[in-house]
S.K.: 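Following this message is one structure expressed as structure tokens.
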Amino acid sequence: MTKNEIADVLTEIGTLLELKGENPFKTRAYQAGARVLESMEQDELDTLIREERLKSVKGIGDALAQKIGELHSTGRLEFFDKLKASIEPGLVEMLDVPGLGPKKIKAIHDQLGVTTIEGLASACTDGRVAALAGFGEKSQEKILAGIRNREAYGKRHMWWEAGAIATPIVAGLRALPQVSQAEAAGSLRRGLETVGDLDFIVAAVDVAPVVEWFVTQPGVQEITARGETKASVRFVSGLQADLRLVPPEQFAFALHHFTGSKDHNVLMRQRALARGLSLSEWGLVPAEGEGTAKAKAEGGAHGVKAKDETALFAALDLRFIPPELREGLGEIEAAEAGELPRLIELADLRGAFHNHTTASDGRNTLVEMTAAAEALGWEYLGIADHSKSSVQAKGLSEERLAAQVAEIHALNASGRFKTHVFTGTECDILSDGRLDYDDAMLATLDYVVVSVHAAFTQSSADMTARIIRAIENPYTTMLGHVTGRLLLRREGYQVDFTQIIDAAIANDVIIELNASPWRLDMDWRHWRKAAERGLLCAINPDAHETSGLEHVRAGINSARKGWLTREHVLNARPLAEVKRAFGAR
DNA sequence: GCCGTTTTCGGCCCGACTGTTTTCAGTCG
């Protein structure tokens, strides 16, 4: 089994144990183990298992090491099979219903004998759930509504789309007279590729008007909570948004807390405790003595003051950690050592290479795309229309590509735009790894992006070999969307990342970070290690229209999550350097 | 189940909201 498959099993064990009513710390140990595996490279795990050093990894003890080893070598785990067989699958499904957790599901199952979502719905309809101890009419209604809306509510949302909803809300909150500070926190602020819900943190002294403004925003379908310090709404799209209200002096703590991630917060709290302090959304206070953190923060007796997050981190002897890095993946150690990278920023980009025009499946012409790039202040724009095999995308024949090259040369020569246009192609990687144009054709171009657009269902080994063959082609400049994934719609094709990254480095080939908000491929989780080993990145919007160029913003997010600096990114370099790089091929 | 310059046993991050209670459990983030 691969590391991610093993991680999935561990996560599921955690969930099943929860439903069994197991010790919550035990269930957490399984979930923590799954995260540890996910953050490893596959060959790292292989080596640790081969050398029997798995137990040396923090978070993995005897029991987990044994289970991981068994799954790794046999793909099976008797413990898991038995556990799974002992629990009705319908109970697992019920965890997706808002308001239902392990305890309540257990009560429903044990006392009513309900084992499916459908059974639960009818138990609600005829009032049996409300009759249970600890339940009532409201719980019953809430469960019923939750079942009906399960699909929409459980859905995650693309970062780009969630941002489009959040931006005007933040602006609106900041414009309120009662509000001194407002930010969107959560996974949106961390730049995660998908967002589960929105979190708005607001510093205000008079909260009632702010809550009122928030819950009456256009698109609000339902108000799910409304209190002194918190309000929650659900938008028509199913997206949930929480508003958190804090006094100004607690803003930095609340912003940090609700930005997360959970893993990052756990580590920060442990770090605080090691210094005799207790960290929460309320503040940073001495851990010893009477009373809760909240009480002490309100008392203001010994609390550490922090006017912003920089001060909060400084109070724990850390440099400011950019939100994108707060995933509990080594950022705290790096901040302590003063080794945080200077992450790439949108303003560092001077152009991009993978863009389409109306010659293939784009919706704007070469001139329109160039004008849009110039308006963004870009020094250069690469045109990479589809190659002939992508018939569905009007892929260019050799004749049409030659004509486009001539057109681009003429455009550059005309001096009409300050932006220089590079001639390129997004050349299909055929199913055997050959490219869709011959060498003579490719030699006429400034650069070549190679991508898989067909025969997605090959085995991982075949797909990997296919892509590596394309990487080894001397005319290949960069590899497009490594897995072809479409977020929330389609899984990527299976590939061996380690082998592909090795091949790219060995052949001086760039791997693209496809910045389309639906792709964000190669995934940020691979970038840190890949870049450390010397892989060069290009952040490409894969724009199919002028507005698509702005998708580089999503790519910058993912690049930052992957710890990339501008040194790691080709299109952060000036025109002359890029010309040199292309000329050297 | 994991972990250890207090501990090999006894902890494990912390607090708000809701709905059900009449002081609190469960859920959520």
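All chains are named by letter (A, B, ...) in the order of the sequence lines, taking the proteins before the strands, and each is independently numbered beginning at 1.
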S.K.: Let's see if you get this right: which residues in residues 101-121 of chain A place a heavy atom under 4.0 Å from DNA chain B?
M.R.: G101(A), P102(A), K103(A), K104(A)
S.K.: For the P atoms, the ones on dT7(B) and on dG11(B), what distance do you get once it is rounded to whole angstrom?
M.R.: 14 Å
S.K.: State, without any angle test, whether D197(A) and H157(A) hold a side-chain donor-acceptor pair at a distance under 3.5 Å.
M.R.: no
S.K.: Separation of I143(A) atom CD1 from dT18(B) atom C1', in whole Å?
M.R.: 13 Å
S.K.: Taking H264(A)'s backbone N and O only, do any of them form a donor-acceptor pair with S261(A)'s side chain (distance below 3.5 Å, no angle check)?
M.R.: yes
S.K.: At less than 3.5 Å, do the side-chain atoms of D242(A) and the base atoms of dG29(B) form a donor-acceptor pair?
M.R.: no
S.K.: So, does K67(A) get its side chain near the phosphate of dG1(B), meaning an N or O under 4.0 Å from OP1 or OP2?
M.R.: yes
S.K.: Any side-chain donor-acceptor pair under 3.5 Å between E324(A) and W524(A)?
M.R.: no
S.K.: For the P atoms, the ones on dT23(B) and on dC28(B), what distance do you get once it is rounded to whole angstrom?
M.R.: 26 Å
S.K.: Of the residues in residues 122-135 of chain A, which ones touch DNA chain B at a heavy-atom distance under 4.0 Å?
M.R.: G134(A), F135(A)
S.K.: Could you tell me the separation between the NE2 atom of H257(A) and the P atom of dG29(B), rounded to a whole number of Å?
M.R.: 11 Å
S.K.: Tell which nucleotide pairs with dT8(B), taking only Watson-Crick or G-U wobble pairs whose two distances are both under 3.5 angstrom.
M.R.: none
S.K.: Considering only the P atoms, how many Å lie between dT27(B) and dT21(B), rounded to the nearest integer?
M.R.: 15 Å
S.K.: Taking the same atom, P, in dT20(B) and in dG26(B), what whole-Å distance lies between them?
M.R.: 14 Å
S.K.: Quick one: label E22(A) by what it contacts on the DNA or RNA (base, sugar-phosphate, nothing), any heavy atom closer than 4.0 Å.
M.R.: nothing
S.K.: Can you find a side chain N or O atom of T27(A) that sits less than 4.0 Å from OP1 or OP2 on dG1(B)?
M.R.: no
S.K.: Which value, rounded to the nearest 0.5 Å, describes the distance between H72(A) atom NE2 and T2(A) atom OG1?
M.R.: 9.0 Å
S.K.: Quick check with a 6.0 Å cut-off and a 45 degree axis cone: is R553(A) positioned over the face of W159(A)'s six-membered ring?
M.R.: no
S.K.: Take atom CD1 of I223(A) and atom P of dC17(B), then tell me their distance rounded to the nearest Å.
M.R.: 15 Å
S.K.: Would you measure the distance from the C1' atom in dG4(B) across to the matching atom in dT8(B) and give it in whole Å?
M.R.: 8 Å
S.K.: Calculate, to the nearest 0.5 Å, the distance between atoms CD and CZ belonging to Q270(A) and R275(A) respectively.
M.R.: 12.5 Å
S.K.: Take atom CD of Q270(A) and atom P of dC12(B), then tell me their distance rounded to the nearest Å.
M.R.: 11 Å
S.K.: How far, in whole Å, is dT18(B) from dC12(B) if one measures between their P atoms?
M.R.: 28 Å
S.K.: Please list each protein N or O that sits under 3.5 Å from an N or O in nucleotides 3-9 of chain B, with the distance.
M.R.:
unit_1: dC3(B); atom_1: OP1; unit_2: G59(A); atom_2: N; d: 2.4

S.K.: Between the side chain of E331(A) and the main-chain N/O of L329(A), is any donor-acceptor distance below 3.5 Å?
M.R.: yes
